[in-house]
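What follows is one structure encoded as structure tokens, with my remarks underneath.
Bear in mind the structure is a predicted one, so any value in this text is a computation, not a measurement. Below, each value reflects all heavy atoms present in this structure, side chains not excepted, and no hydrogens, waters or symmetry copies. Residue numbering restarts at 1 for every chain, and letters A, B, ... go by the order of the sequence lines.
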Amino acid sequence: MSDYKFLEIEKKWQKNWDESNLGKCDLNSSKPKFYNLCMYPYPSGDLHMGHIRNYTIGDVITRYKKLTGHNVLSPMGWDSFGLPAENAAIKTGIHPKEFTENRMKNMKNQIIRLGSLYDWDREVAAHTEEYYKWTQYLFIQFFNNNLAYKKDAPVNWCTSCKTVLANEQVIEGNCDRCDSVVTQKNLNQWFLKISKYSEELLVGLDEIGEWPENVKAMQQNWIGKSVGAQFKLNISNSDISFEVFTTRPDTLFGMTFAVISPEHSLMEEILEISENKEEIKKYITAAATKSEFERMSITKEKTGVDSGLLVINPLTNEKIPLWIADYVLVNYGTGAIMAVPAHDQRDYDFAKKYNIEIRQVISEDTLDSGIDKEAFIDRGKLVNSGEFNGLNSHDEASSKIIEKLVDMKSGEGKTTYRLRDWLISRQRYWGCPIPLVNCTDCGLVPEKLENLPVKLPEIEDYLNTDGSPLSKSESFVNTDCPMCGNPAKRETDTMDTFVDSSWYFMRYLDASNSEIPFDIENVNNWLPVDQYIGGVEHAILHLLYSRFFIKALRDLNMVDINEPFQNLFSQGMINFEGSKMSKSKGNIVDPEGYFKTHGADSLRLYILFMAPPSDGVEWNDGGIEGTRRFLYKLWDNMNTFSDLATREIKNSDEEKLEIYLNQTIESITNHLEKFEFNTAVSDLMKLNNELSTFVKNNKEITDEIKKKTIQTTCILVNPFAPHISSELFFKNFKSDITELTWPEVDSSKIENPTYELVIQINGKKKHATEVVSGLEQSEIEKICFEKFQLSASEYKKIIFVKDKIINFVG
RNA sequence: GCCCGGGUGGCGGAAUUGGUAGACGCGACGGACUUAAAAUCCGUUAUUCGAAAGGAUGUGGGGGUUCGAGUCCCCCCCCGGGCACCA
């Protein structure tokens with residue numbers, strides 16, 4: 001019976017690592033640097049299985065890279081601003097800071113209990129004054145360089161909570177907290193100018209290191225580049241004109257009407273000259289009160305109203321009607337379009353409904369290019385297009401028509417992006433205050449740097465019934481203008497927590513520096529992060545914002561790099577009972593129980609073993625017994641090996657074992673490099689099974705193979721199950737396993753001396769036999785003829801793959 | 001609708017360049033130990049025909065290339081994720 005006492009062992013080594021500072025990183029060491037980063041967590045109170053997966057993967061990399069001679073930086077911190085703490089404060093009265101810090105403390109203990117190594121001297125927490133001082137500092141740099149600005153914008157507004165909501169908090173058009181309808185409301189908001197970097201953020205994806213293709217694709221989608229033309233439409237009998245954007249300038253002759261969004265800035269002027277005023281006003285009001293959700297999803301039935309005005313097609317001078325319709329979005333392109341119903345399905349639907357002419361200008365003989373039932377959007381040749389007839393759509397005709405628009409000075413080629421500026425203001429308490437002051441004389445003025453941080457005020461009531469909670473503190477709001485000294489008022493919004501997390505990976509490098517946010521030399525030396533690991537749910541927002549931050553800071557000469565994260569690994573989500581684990585669904589699996597019943601090493605191995613790390617997986621704890629058994633068996637095997645009697649000369653079992661060890665080193669190393677931890681763990685299990693077989697058949701061993709086996713096994717296990725391997729190694733060699741280096745493959749002892757030859761007849765396996773490795777075709781044939789009574793004359797062709805297979809084809 | 005993934009035993013999942021499909025683990029079944037159970041150990045476990053030897057079938061479906069296809073090509077179905085009235 002095994003005497004493997006995982007509780008004692010795990011506690012012992014966690015204490016040992018803490019005392020020996022194993023997780024600490026000296027940035028100036030001469031070893032090659034490796035910045036290994038796990039996404040810092042929101043302190044929700046308890047680790048969940050997603051965290052366990054994240055930090056286990058991270059720790060495997062940390063320990064493996066340390067063993068391969070790297071100077072590993074692996075820090076940890078807290079994304080500690082955010083709504084739940086504030087909601088708890090509203091409910092229970094506990095201060096968000098106290099609430100958050102208690103939860104951080106608990107989670108930190110659990111992380112340590114998992115056995116993950118971090119440099120806790122570099123711990124950061126977004127809600128601390130030492131941290132948000134620098135978030136404010138960076139914001140001011142952005143503001144001073146026109147990368148942060150304030151403007152009116154429509155935001156999600158919960159009618160019941162009376163607050164703005166982030167997009168993520170709007171679930172199918174309703175508030176995720178109270179389920180009330182969310183409407184759009186115009187508020188004066190702060191933005192960061194991420195759109196300035198649209199093109200760079202897009203092309204950067206091609207130059208970046210190893211990122212999952214799907215994450216790159218998601219970012220490409222999100223940035224949403226489209227190439228086309230923009231041109232001017234004049235309203236007939238007026239001096240009003242507006243721009244339209246199209247990706248299909250080749251269809252310009254098919255424009256039979258134009259559409260302008262009801263929120264368009266020209267709407268008042270249009271109203272003035274229109275004879276259809278009342279109907280238009282009604283329509284605008286109706287559109288405004290629809291929620292975003294209603295507008296997008298409803299019946300898909302498009303609505304609109306005829307303005308009664310005509311616009312002029314610049315190429316044909318034809319006058320066509322101008323409609324107002326909310327299927328045209330005000331914040332994409334120019335907020336107005338040329339409508340070509342023959343070649344755009346949305347315009348087609350609209351034209352059918354309102355009986356507007358549909359005029360085909362692209363046609364293709366080899367395809368069904370009819371437009372009776374739907375728009376024809378494929379490629380073809382231009383027809384009904386004057387001098388452009390016969391040209392190919394889309395590219396050839398488009399560029400010719402753009403040339404013409406340029407000649408006529410009414411348009412040009414144009415590229416637009418879906419990516420919009422980043423709205424960062426929140427009417428919330430528990431976030432980083434925006435460090436700007438409103439002065440009636442000087443306008444918006446940043447707080448003086450020496451006065452940072454602008455501290456979050458203490459308030460009684462966290463509810464934001466009317467504007468931001470910060471506005472309730474008079475002593476906070478009323479201040480002096482940093483420029484002229486006259487009485488002025490502070491901004492009362494706080495920042496989106498994604499601002500905090502857009503630069504935390506740089507703060508780790510100078511976590512306790514009270515002079516600067518980070519040292520440019522440290523950043524240039526240590527970034528980009530060599531390996532970033534986190535959940536796929538952050539594929540767009542956090543990763544895109546951080547990339548933007550780096551580019552902006554580079555342009556402010558604060559860093560000298562282009563990308564924050566060289567390689568990214570996105571782990572899949574762990575579901576339970578068919579859906580994402582969440583407190584509200586009550587389907588949480590608590591990892592802490594497994595620490596007690598199975599141990600951290602078992603849990604780590606199991607979470608790695610259950611599926612490829614990038615795949616989503618359904619939690620099922622049946623399998624954890626398997627990794628527990630593996631560890632007990634490993635413990636017993638190592639002890640049995642240790643006790644084997646000595647012999648002088650290796651026997652054939654030992655030679656085989658030696659080869660097996662080398663094969664395992666090779667396989668696990670390859671799997672580690674490719675993040676195939678599930679198969680790496682399976683290799684460890686196979687090795688363990690080999691060891692069991694060996695000790696069953698051998699009571700003696702040479703000292704050389706005994707030592708080699710124990711040492712190699714321990715080190716191969718170490719990144720995955722660090723506690724047991726540290727203990728086993730120490731028991732045997734009285735030294736610390738972390739002083740070893742990762743084993744190299746001995747290429748002279750990796751080939752098996754024999755193999756199982758497969759004999760196929762007409763491609764089907766018929767026989768198999770053990771033969772010596774390296775034999776040539778003629779020798780193999782001879783063996784087959786003798787052993788299986790085959791003869792060459794019966795077959796037309798013989799196919800031979802060395803050391804694998806022979807196929808007799810008849 | 002568009003863009004990514006993916007479909008292999010009862011289950012999670014393995015399979016360099018096309019070369020023994022089902023590694024490893026879970027579960028199940030049988031056995032050993034035990035008064036008994038748990039734990040542990042040994043064996044069996046894709047389906048199907050057969051008493052057995054052995055045969056046939058088999059990686060979502062259909063076609064193709066090849067001596068040989070889970071892997072490559074064409075068509076289709078289903079599942080997961082992302083985006084979506086983006087002009």
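- Residue Glu537(A) contributes atom CD, which lies 13 Å from atom P of C83(B) at whole-angstrom precision.
- Using cut-offs of 30° and 60° on the angle between ring planes, the pair Phe350(A) and Tyr327(A) is tilted.
- Backbone-only engagement by Lys764(A) is indicated by non-hydrogen atom pairs under 4.0 Å involving sugar-phosphate atoms exclusively.
- For A87(B), neither phosphate oxygen OP1 nor OP2 lies less than 4.0 angstrom from any side-chain nitrogen or oxygen of Arg418(A).
- Taking atom C1' on both C77(B) and G62(B), the two are 10 Å apart, rounded to the nearest angstrom.
- With a glycosidic angle no more than 90° from 0, G9(B) adopts the syn conformation.
- As the counterpart of G9(B), no nucleotide is assigned, since no Watson-Crick or G-U wobble pattern has both distances under 3.5 Å.
- Nearest-nucleotide assignment on RNA chain B puts the 5′-proximal partner with Pro612(A), out of Ile337(A) and Pro612(A).
- Ring pair Phe694(A)/Phe641(A) is parallel by interplanar angle, where below 30° counts as parallel and above 60° as perpendicular.
- In summary, the aromatic rings of Tyr354(A) and Trp323(A) are positioned with their centroids under 6.0 Å apart.
- Looking only at distances, no side-chain donor or acceptor of Ser570(A) sits under 3.5 Å from a matching main-chain atom of Gly535(A).
- The C1' atoms of C26(B) and G9(B) are separated by 13 Å, rounded to the nearest whole Å.
- For the pair Tyr4(A) OH and U40(B) C1', the computed distance is 17 Å after rounding to whole Å.
- A donor-acceptor pair under 3.5 Å is absent between the side-chain atoms of Gln777(A) and the main chain of Phe800(A), judged by distance alone.
- A search for salt bridge (charged side-chain N to carboxylate O under 4.0 Å, His left out) contacts involving Arg53(A) returns nothing, not counting sequence neighbours.
- For the pair Asn575(A) CG and G80(B) P, the interatomic distance rounds to 11 Å; values are reported in whole Å.
- Checked by atom type and distance alone, the side chain of Asn678(A) never pairs as donor or acceptor with a backbone atom of Met610(A) at under 3.5 Å.
- Figure legend. A69(B) is base-paired to no nucleotide; pairs are counted as Watson-Crick or G-U wobble with both atom distances under 3.5 Å.
- A sub-4.0 Å separation between OP1 or OP2 of C42(B) and a side-chain N or O of Lys696(A) is present.
- Between G61(B) and G7(B), the two P atoms lie 13 Å apart (nearest whole Å).
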(message) What does the B/S/- profile of nucleotides 15-28 of chain B look like, 5' to 3', with a 4.0 Å heavy-atom cutoff to protein?
(response) --B-BB--BBSSS-

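- If you take CG of Leu691(A) and P of C41(B), they are 14 Å apart, rounded to a whole angstrom.
- The C1' atoms of G19(B) and G12(B) are separated by 27 Å, rounded to the nearest whole Å.
- Across all strands shown, A32(B) is found opposite U40(B) as a Watson-Crick or G-U wobble partner, with both distances under 3.5 Å.
- Comparing the C1' positions of U8(B) and U57(B) gives an interatomic distance of 15 Å, to the nearest angstrom.
- Nucleic acid contact for Lys414(A): none, since no nucleic acid atom lies under 4.0 Å from a heavy atom of the residue.
- Under the Watson-Crick and G-U wobble criteria, each requiring two contacts below 3.5 Å, nucleotide U59(B) is left unpaired.
- The CD1-C1' distance, from Ile607(A) to G12(B), rounds to 13 Å in whole Å.
- Pair assignment for G80(B): C4(B), on the basis of Watson-Crick or G-U wobble contacts that are both within less than 3.5 Å.
- If you measure from atom CZ of Phe675(A) to atom C1' of A14(B), you get 20 Å, rounded to the nearest angstrom.
- Here the separation of G1(B) from A15(B), taken at their C1' atoms, is 37 Å to the nearest Å.
- Of the N and O atoms on the side chains of Thr664(A) and Asp683(A), not one donor lies less than 3.5 Å from an acceptor on the other residue.
- For His767(A) and G55(B), the NE2 to P distance is 8 Å, given to the nearest whole Å.
- Between A36(B) and U44(B), the two P atoms lie 26 Å apart (nearest whole Å).
- A salt bridge links Glu199(A) with Lys225(A): the closest approach of a Lys/Arg side-chain nitrogen to an acidic carboxylate oxygen falls below 4.0 angstrom.
- Side chain of Arg628(A), nearest nucleotide from C4(B), U40(B), C67(B): U40(B).
- Of the candidates Asp326(A), Val305(A), Thr303(A), Val328(A), Asp326(A) is the only one forming a side chain to side chain contact (heavy atoms under 4.5 Å, CB included) with Pro262(A).
- For the pair Ile402(A)/Glu412(A), no side-chain contact is recorded, criterion being any heavy-atom separation below 4.5 Å from C-beta on.
- Here the separation of U48(B) from G58(B), taken at their C1' atoms, is 10 Å to the nearest Å.
- Looking at Asn313(A), its side chain never comes within 3.5 Å of a backbone N or O of Phe253(A) through a donor-acceptor pair.
- Each of Thr303(A) and Ile540(A) lies near RNA chain B, and the nucleotide nearest Ile540(A) is the one positioned closer to the 5' end.
- Looking at heavy-atom distances under 4.0 Å, Pro212(A) makes no contact with the nucleic acid at all.
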Quick test: give all pairs of protein nitrogen or oxygen and nucleotides 71-73 of chain B nitrogen or oxygen below 3.5 Å, distance rounded to 0.1 Å.
none

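- Atom CG in Asp3(A) sits about 15 Å away from atom P in U40(B), given to the nearest Å.
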